[in-house]
Amino acid sequence: MSQTEHALTNHEVTVCLAGGAVLGPFNATWSQDEGGDVRELVREYDAFLQGEKQRRYKFHLHDTYTNTVHTLILNFEQVTGICDHVRLRSQDRGA
């Protein structure tokens, strides 16, 4: 496995709701080894926008900066957009 498969990606997730309300931004970290639903939230919402029925409503966003978990319970019919800003780890390999 390559090193990038285990690398953490640091997300900043903002959810826009019908009527103009905004939830977030939430810091969330994802890796192959540590959980969190940050990527699943975006995948599920994208599938919903493409006509699939919403299957999940609860998503857990793990924030390693503050050692907390944000739990979002969302009805995608009330969501107008999700912004997932990703900060990638440095590729510095000590060269």
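- The line from CG of Leu72 to CD1 of Ile82 is 8.5 Å long, rounded to the nearest 0.5 Å.
- Going from atom OH of Tyr57 over to atom CG of Leu74 covers 10.5 Å, rounded to the nearest 0.5 Å.
- Gln54 places no side-chain N or O within 3.5 Å of a backbone atom of Glu77 that could act as its donor or acceptor partner.
- We find the NE2-NE2 distance between His11 and His85 to be 10.5 Å, quoted to the nearest 0.5 Å.
- The hydrophobic cluster containing Val79 also contains Leu49, counting ILVMFWY residues as joined when their side-chain heavy atoms lie under 4.5 angstrom apart, directly or transitively.
- Within the structure, the salt bridge (charged side-chain N to carboxylate O under 4.0 Å, His left out) test picks out the following pairs touching residues 48-58 (sequence neighbours left out): Asp37-Arg56, Glu44-Arg55.
- Applying the salt bridge (charged side-chain N to carboxylate O under 4.0 Å, His left out) test to Arg39 and every residue at least two apart in sequence or in another chain returns nothing.
- Using cut-offs of 30° and 60° for the angle between ring planes, the Phe48 and Tyr45 rings count as parallel.
- For Asn67, the CG atom counts as loosely surrounded, since its 6.0 Å shell holds 12 or fewer non-hydrogen atoms of other residues, nucleotides or ligands.
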Distance-only donor-acceptor pairs under 3.5 Å for side chains of residues 12-28, two or more places apart:
none

message: Pair Leu41, Phe76 - check side-chain contact (heavy atoms from CB on, under 4.5 Å), show working.
response: CA-CA 10 Å; Leu41 170 61; Phe76 289 158; 4.1 Å; yes
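- Rounding to the nearest 0.5 Å gives a distance of 8.0 Å between CG of Leu61 and OG1 of Thr71.
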